[in-house]
Amino acid sequence: MSYDFKQIEKKWQDIWDETEAFKAENNSSKPKYYALVEFPYPSGQGLHVGHPRSYTALDIVARKKRLEGYNVLYPMGWDAFGLPTENYAIKAHIHPEEVTKKNIANFKRQLKMLGFSFDWSREINTTDPEYYKWTQWIFLRLFEKGLAYKKEMAVNWCTSCKCVLANEEVVNGVCERCGSEVIRKVKSQWMLKITDYAEKLLKDLDGLDFIDRVKTQQRNWIGRSTGAEVKFKTTANDELLIYTTRPDTLFGATYMVIAPEHPFIDKWNIENKDEVLAYRESAARKSDFERTEVAKEKTGVEIKGVKAINPLTGKEIPIFVSDYVLISYGTGAIMAVPAHDTRDYEFAKQFNLPIVEVVAGGNIEKEAFTDCATGTMVNSGFLNGLSVEEAKVKIKEYLHEKGIGEEKVNYKLRDWVFSRQRYWGEPIPIVHCDCCGYVPLKDSDLPLRLPKTDNFEPTDNGESPLSKLTDWVNTTCPKCGKPAKRETDTMPQWAGSSWYFLRYCDPHNKEELASKEALKYWMPVDWYNGGMEHTTLHLLYSRFWHKFLYDIGVVPTPEPYQKRTSHGMILGENGEKMSKSRGNVVNPDEIVSEYGADTMRLYEMFIGDFEKSAPWSSTSIKGCKRFLDRVEGLKYILNEESGISKDLERNINKTIKKVTYDIDNLKMNTAIAALMSLLNEIYTKGSLSKEELKVFILLLNPFAPHLTEELWQNVGFEGYLNKAEFPKYDESKCGEDTVEIVLQICGKIKARTNVSVDISSADAILLAKDLLKQELDGKNIIKEIYVPKKLVNIVAK
RNA sequence: GCGGGCGUGGUGGAAUGGCAGACACGCUAGUCUUAGGAACUAGUGGGUAACCGUGCAGGUUCAAGUCCUGUCGCCCGCACCA
């Protein structure tokens, strides 16, 4: 018994389109609910089976919320700027705009075929000038506030993409996207000062309902640490400023290390300058990856002719240059306390430097003792006898009083490299003028359109392809009117996605990125689901932009997303990541054509714990198809005279409760299991009433919307199912009158019996003793336990 | 190295400290069929049994998959951030 899913699914998708069934209203008296999934990058490969896992889950949430009376916004759009499209365009000699158009059409067809309840009237596209006008507008606001600045700096350069990458886009020393080697290259780049928001981005995480993994990852990435900056006098008659998180160990600082790029190297009169400069040279040649490789041995050179003075011991200590100290963090210089820092310990062993224990409790003969929680200060003058925590407080006071050091907070977070030397991105709306410097375009000149050209291939000199378009590049200064040149770098892929959720609130607004009223009504996003891979990229960037927009009064909330969840990956049948090269890719088109959209949706939800990865199974999916076939069959066993079964009534109420709870908690797999159980019970009973069927259809609707709409109509219910009301359960009807309990002796099950749910503890135990009379014969009862509705346990010897 | 998570049948996976294996897949047998890669029915952790079973070894508890300690394995995050 198999229903005609092809005909049914097409029919309902058309009806939903015609009736604008899922249109969100900006003026509604209903409570709002904003459900969001990450809009896809429309790649040439088309939809991956991973996309619908996220989209289906929030589609279920959105559909349920609508049935519960909410005005739901569940939008979709296209994050369409980016490298893969551009690379494909170059290879195939088709303009990226054409490629994008084609890919979007394909994606849209695939999303429609899966029956998602997106409000397509709000569809957006980051490559649409009407959209990126506002991306550029936000950039200009950042520029005005000094948060966008240009900087000559060493950047990550992908040798294959011929493009700058953000730190977040470099994974294990290679390009996140293409896997090619990433080298350092000094270039002048647009930067966004995300570091100004480090503290807010960190602190405001506390109030958000994000899954822990996401919060932890963002906290790690921001990397806040508290410590102190301390000045060390040197024999060169100046002061070397260092940062440390362990000022308590200052007495144990037996040498100093500065980064190879430290400016003092040029300033100091160094006896072995050649050697030091050679070391700097060799460090510069290494890639970031090589430099930070942990496994490698520490290298370094002692700076001869200059010594530092430990401000507490007054002793002269040597200064080394070593690449284990990074110029980009803290002050680019450290005090080395080998007894209590693993890296310093390693270095000291290698260079035979003294190791002085200042915290007792470890064994510094063997290894550095880095524990802050235990241990007592020794060899530390006025700190002796204190705990580490006490010493930290006292030494900070001391440093402050003596004017040699101050408490200091540092972050690992770096500013965001915002320039890309590529064609397929938003042009940066800045003009370079010899007289006026960097001049922003006027708002009225936005959007600055990406010039049409067939000459969009990357250049060999690392300049943007736009630099070849001299007609476009040469312009006049908006300020002084003299000849000037346009910025030719474009924005990174992450620009358009940093604010897209705002545009959905009011997507056709020509005056503002979205109206105040619309933003006030819809924001924040109530539930946002997306991939873990975006935690330190898109998710952090968009929180940054949003906080900025909040500060300048454009958006009404300090945070964009109230709740963030993340789906696990769908792996290939062999348990490996799906990829063309592994040949284990599952094509959604084929699945839908063979089993239908409802089965595909249901299976992706039933596959396992939503947050964990799970392998695809081409046999398991059949179970979901079978289930839907049996659901369709319910209409044949409909019988008004079937009479009310108390058991079924109870199970229906319990299932409503479970499905409601499970959808709210993203436990779609057990919600479906509960519906399967209920269906099994209905078939065991052999018939059901129209009212019972109604509840079942409503509960299943968010999961399998096409089949349930069809059944709704077949059976003769009024109107459309998507306008109906989600069932409520009656707590008093969830409970049983009698319940089977387990009778145990010493925790081992000996018997089972049915008892009334409100049997007293004493009666239950009496009953148990009676039933277990033989087993208990001659034994000494020590303890009797009754757990209501569960068990009686009698402890006897 | 540090931080976090997870180890449950042949498989995917269920289990507010209280009946381990819900729900599926697969498998076995049967029914119907010219046929079955369809549908339906029954069975399905191991063991003949008493019993034994949630990676392994301990512990707490009347009671442990669940809590604690140690250990092994896998996965994820960070990774010379001072």
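Naming: A, B, ... by sequence-line order, numbering from 1 per chain.
Summarising the geometry, the separation between CE on M676(A) and P on C25(B) is reported as 7 Å, rounded to the nearest angstrom. Atom CH2 of W221(A) is separated from atom P of C2(B) by 22 Å (rounded to the nearest Å). The separation between R219(A) atom CZ and C78(B) atom P is 15 Å, rounded to whole Å. When the C1' atom of G18(B) is taken as reference, atom NZ of K750(A) falls 17 Å away, rounded to whole Å. Here A38(B) presents its P atom at 19 Å from CD of E632(A), a figure rounded to the nearest Å. In this structure, CZ of F703(A) is placed 17 Å from P of C23(B), rounded to the nearest angstrom. The distance from atom CZ of R213(A) to atom C1' of C78(B) is 15 Å, rounded to the nearest whole Å. When the C1' atom of G77(B) is taken as reference, atom CD1 of I222(A) falls 15 Å away, rounded to whole Å.
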Exercise for the section: Applying side-chain hydrogen bond (donor to acceptor under 3.5 Å, both in side chains), run through Y279(A) and T299(A) and close with a yes or a no. Expected result: CA-CA 9 Å; Y279(A) 183 80; T299(A) 57; 2.7 Å; yes
Practice task
Could you walk me through whether F347(A) and Y255(A) pass the ring pair (Phe, Tyr, Trp, His ring centres under 6.0 Å) test, one step at a time?
Solution key: CA-CA 10 Å; F347(A) 191 85; Y255(A) 65 101; 5.5 Å; yes
Practice task
Starting from the C-alpha separation in whole Å, work towards a yes-or-no answer on side-chain hydrogen bond (donor to acceptor under 3.5 Å, both in side chains) for T216(A) and N220(A).
Solution key: CA-CA 6 Å; T216(A) 309; N220(A) 278 343; over 6 Å; no
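Taking atom P in both C19(B) and U28(B), the straight-line distance is 33 Å, to the nearest Å. Going from the C1' atom of U34(B) to that of U41(B) covers 23 Å, rounded to whole Å. For the C1' atom pair drawn from U66(B) and U8(B), the interatomic distance equals 12 Å after rounding to whole Å. Rounded to whole Å, the separation between the C1' atoms of U33(B) and U16(B) comes to 50 Å. Across G45(B) and G26(B), the matching C1' atoms stand 15 Å from one another, rounded to whole Å. Using P as the reference atom, A64(B) and G58(B) are 15 Å apart when rounded to the nearest Å. C27(B) and G37(B) are spaced 10 Å apart, taking the P atom of each and rounding to whole Å. When the C1' atom is used for both A63(B) and G17(B), the distance is 8 Å, rounded to whole Å.
T244(A) comes within 4.0 angstrom of the backbone, heavy atoms only, and of no base. In this structure, T535(A) reaches neither bases nor backbone, as no heavy-atom distance under 4.0 Å exists between it and the strands shown. Across all strands, N669(A) comes closer than 4.0 Å only to sugar-phosphate atoms, never to a base (heavy-atom distances). Nucleic acid contact for V325(A): base, since at least one base atom lies under 4.0 Å from a heavy atom of the residue. Residue contacts shown for D212(A) are absent, as no nucleic acid heavy atom lies under 4.0 Å away.
Its glycosidic angle being more than 90° from 0, G36(B) falls on the anti side.
Here the side chain of T619(A) is nearest to one of C25(B), A14(B), G77(B), namely C25(B). Considering only side-chain atoms of S620(A), the nucleotide from C25(B), C78(B), G13(B) that sits closest is C25(B). Nearest to the side-chain atoms of K412(A) among the listed nucleotides A39(B), C78(B), G77(B) stands C78(B). Here the nucleotide nearest the side chain of Y324(A), chosen from A14(B), C80(B), C78(B), is C80(B). Side-chain proximity of E740(A) to the nucleotides C19(B), A15(B), A24(B) is greatest for C19(B). In this structure, the nucleotide among A22(B), G13(B), A20(B) sitting nearest to the side chain of I749(A) is A20(B). Of the candidate nucleotides C23(B), C78(B), G13(B), C23(B) has the atom lying nearest to any side-chain atom of S677(A). Of the candidates C19(B), G18(B), C23(B), C23(B) carries the atom nearest the N680(A) side chain, counting heavy atoms from C-beta on. Here the side chain of V742(A) is nearest to one of A39(B), G12(B), C19(B), namely C19(B). Checking A15(B), G18(B), A82(B) against the side-chain heavy atoms of K790(A) singles out G18(B) as nearest.
If you check G77(B) for Watson-Crick or wobble pairing at under 3.5 angstrom, you find it paired to C2(B). Figure legend. C23(B) is base-paired to G12(B); pairs are counted as Watson-Crick or G-U wobble with both atom distances under 3.5 Å. Base pairing of A42(B): its partner is U28(B), meeting the Watson-Crick or G-U wobble criterion (both donor-acceptor distances under 3.5 Å). Using Watson-Crick or G-U wobble geometry with both donor-acceptor distances under 3.5 Å, U66(B) finds no partner in any strand shown.
There is no side-chain donor-acceptor pair under 3.5 Å between N680(A) and T684(A). At a cut-off of 3.5 Å, with distance as the only test, no side-chain donor of S613(A) or K577(A) sits close to an acceptor on the other residue. Under 3.5 Å, the side chains of T738(A) and N754(A) contain no donor-acceptor pair of N or O atoms. Side chains of S225(A) and N410(A): no donor on one and acceptor on the other come within 3.5 Å.
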Exercise for the section: Heavy atoms under 4.0 Å is the rule here; annotate nucleotides 58-71 of chain B 5' to 3' with B where the base is hit, S where only the sugar-phosphate is, and - elsewhere. Expected result: ----B---------
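Taking the nucleotide of RNA chain B with the nearest heavy atom to each of K658(A) and G332(A), the more 5' of the two is matched to K658(A). Map R246(A) and Q217(A) each onto its nearest nucleotide of RNA chain B; the residue landing nearer the 5' end is Q217(A).
Inter-residue side-chain proximity for E573(A) and N584(A) is flagged as unmet; no heavy-atom pair is nearer than 4.5 Å. Within the 4.5 Å cutoff, side-chain heavy atoms of I334(A) are placed close to those of D344(A). Using a 4.5 Å heavy-atom threshold, the side chains of F696(A) and I652(A) count as separate.
For the pair Y329(A) and A82(B), the criterion of a side-chain N or O lying under 4.0 Å from OP1 or OP2 is met. When the side-chain nitrogen and oxygen atoms of R626(A) are compared with OP1 and OP2 of G26(B), one or more of them lie within a distance under 4.0 Å. Under 4.0 angstrom from either OP1 or OP2 of A82(B) there lies at least one side-chain N or O belonging to S225(A).
Counting non-hydrogen atoms of neighbouring residues, nucleotides and ligands closer than 6.0 angstrom, the NZ atom of K215(A) exceeds 12 such neighbours.
Contact annotation: side chain of K612(A) to base of C6(B), donor-acceptor pair absent below 3.5 Å.
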